[in-house]
Amino acid sequence: MPQEFVKPTEEQLKARRSRSIAMGLALAAFVIIVYIGSLAKIGPAILDRAM
Amino acid sequence: MALVRNHIDEPAKLLSEARAGDYVALLKPRVMSLVVFTAFVGMATAPGTPNPLLAMISILAIAIGAGASGALNMWYDADIDAVMTRTRTRPVPAGRVSPGEAMVFGLVLSAFSVMTLGLMANWLAASLLAFTIFFYVVIYTMWLKRTTPQNIVIGGAAGAIPPVIGWAAVTGNVSLDSVILFLIIFLWTPPHFWALALFKSDDYERAGIPMMPNVEGEASTKRQIFVYSAVVAVVGVLPVFTGFAGPIYGCAALLLGAGFVWYAWAVLRMPADDRTMKPAKALFAYSLLYLFAIFAALLADNFAARFAGLGG
């Protein structure tokens with residue numbers, strides 16, 4: 001069955017790339033913030049867990 | 001059965017041309033810088049020594065929360081932003097970001113910023129941030145802004161809370177000192193925005209926003225600007241009397257407050273037929289300097305006191 005796709009313009013492709021990079025960087029930053037924030041918040045107790 | 005891909009050659013108007021920078025613009029970076037600075041001062045002057053890493057994350061969460069409320073404001077106000085010279089190049093009225101995208105962006109960032117602040121600092125600070133976003137978007141943007149000339153007086157509370165959030169993030173409570181920080185920004189807001197409203201009254205008239213000069217007239221606005229400026233100059237020195245700040249801050253607050261009153265006096269004396277409104281523009285510029293300077297003075301005074309305490 002034929003499907004129709006919208007062909008993005010050059011400008012739209014550039015904009016999408018810009019948004020994708022920003023989204024990737026923002027998500028990576030969020031992961032790092034939660035990770036190091038958790039370490040700072042919990043401290044050495046982060047290693048205390050029942051074996 | 002194989003899929004046949006037919007490209008539609010006509011320009012794809014449904015696809016977004018928004019760059020990452022447009023989304024940054026939705027966060028109102030200039031407003032955010034004021035929020036970050038005042039929240040930082042609230043945090044730095046609060047009794048207690050927070051983990052520097054958690055403090056930085058908390059400031060970031062407050063900044064993102066403030067930015068999120070800016071995005072939601074731009075989503076809701078796109079119709080009036082489009083007819084005002086000051087705001088018509090914003091991403092939504094300019095057509096680079098759709099209103100729906102701005103709304104989702106604002107809602108997602110609101111949720112993430114509040115959750116992050118709650119997890120990294122405490123839930124009182126997070127609740128205050130959530131309340132600030134709600135107050136700015138629902139109470140100010142959706143309700144007051146289009147209905148009353150007291151819009152920025154009451155709505156100013158949203159911009160005044162950040163130092164209280166910073167304080168609460170460190171101490172877990174809200175004290176009289178943090179309320180004074182709130183009051184300084186709260187009382188500063190009307191003369192700041194009404195000075196702008198005086199020389200941008202045509203813009204507000206066109207957009208149908210009931211700002212004070214358009215509703216009560218310029219003479220009444222000038223009088224109210226002067227009264228609020230005098231009150232903010234007095235409230236500015238209150239931290240000295242509550243023991244929150246020392247003489248360094250006291251001198252700075254007196255001088256800065258006197259400057260505020262002087263500029264407001266010039267606006268009060270501005271002739272009714274003066275359409276260049278240089279005194280109003282000067283007051284607007286000075287009010288920005290005032291807020292940064294008085295919070296910087298508080299910070300310097302607090303550091304000096306802590307340094308002296310360590311030495312003694």
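We name chains A, B, ... by the order of the sequence lines, and we start the count at 1 in each one.
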Requested in this report: Could I get the full list of side chain to side chain contact (heavy atoms under 4.5 Å, CB included) partners for Met32(B), not counting sequence neighbours?
Outcome: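 Applying side chain to side chain contact (heavy atoms under 4.5 Å, CB included) to Met32(B) gives Leu27(B), Val36(B), Ala63(B).
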
Query raised in the report: Quick one: side chain to side chain contact (heavy atoms under 4.5 Å, CB included) partners of Phe295(B), sequence neighbours excluded?
Result: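 In terms of side chain to side chain contact (heavy atoms under 4.5 Å, CB included), with neighbours along the sequence ignored, Phe295(B) is linked to Phe37(B), Thr38(B), Val41(B), Pro163(B), Leu181(B), Ile184(B), Ile185(B), Leu291(B).
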
Result block: side-chain N/O donor-acceptor pairs under 3.5 angstrom for residues 98-113 of chain B, not counting sequence neighbours:
| from | atom 1 | to | atom 2 | distance (Å) |
| --- | --- | --- | --- | --- |
| Ser98(B) | OG | Glu101(B) | N | 3.1 |
| Ser98(B) | OG | Glu101(B) | OE1 | 3.4 |
| Glu101(B) | OE1 | Ser98(B) | N | 2.9 |
| Ser110(B) | OG | Gly106(B) | O | 2.7 |
| Ser113(B) | OG | Leu109(B) | O | 2.9 |
| Ser113(B) | OG | Ser110(B) | O | 2.9 |

Query raised in the report: So which residues of residues 19-28 of chain A are in contact with chain B at a heavy-atom cut-off of under 4.5 Å?
Result: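 Against chain B, the residues of residues 19-28 of chain A that fall inside the cut-off (heavy atoms, under 4.5 Å) are Arg19(A), Ala22(A).
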
Query raised in the report: Going through the checks in order, is the side chain to side chain donor-acceptor pair (under 3.5 Å) test met by Thr171(B) and Asn173(B)?
Result: CA-CA 5 Å; Thr171(B) 63; Asn173(B) 62 49; 3.2 Å; yes

**Report entry** Proximity of Trp167(B) and Phe40(B) rings by center, below 6.0 Å
**Finding:**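 Between Trp167(B) and Phe40(B), the centre distance exceeds or equals 6.0 Å.
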
Query raised in the report: At a heavy-atom separation under 4.5 Å, does Leu60(B) approach chain A through its side chain, its backbone, both, or neither?
Result: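 Looking at Leu60(B), just its side chain touches chain A.
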
Report task. Taking Ser69(B) for its side chain and Ile133(B) for its backbone only, find out whether a donor-acceptor pair lies under 3.5 Å. Result ->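 It does not hold such a pair.
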
Query raised in the report: Between Gln12(A) (side chain) and Glu17(B) (backbone), is there a donor-acceptor pair under 3.5 Å?
Result: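 Between the backbone of Glu17(B) and the side chain of Gln12(A) there is no qualifying donor-acceptor contact (under 3.5 Å).
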
Report task. Measure Leu13(A) against the heavy atoms of chain B and call it side chain, backbone, both or neither at under 4.5 Å. Result ->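 Neither part.
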
Report task. Identify which of Asn51(B), Thr116(B), Asp22(B) forms the greatest number of heavy-atom pairs closer than 4.5 Å to chain A. Result ->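 Most pairs with chain A among the choices: Asn51(B).
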
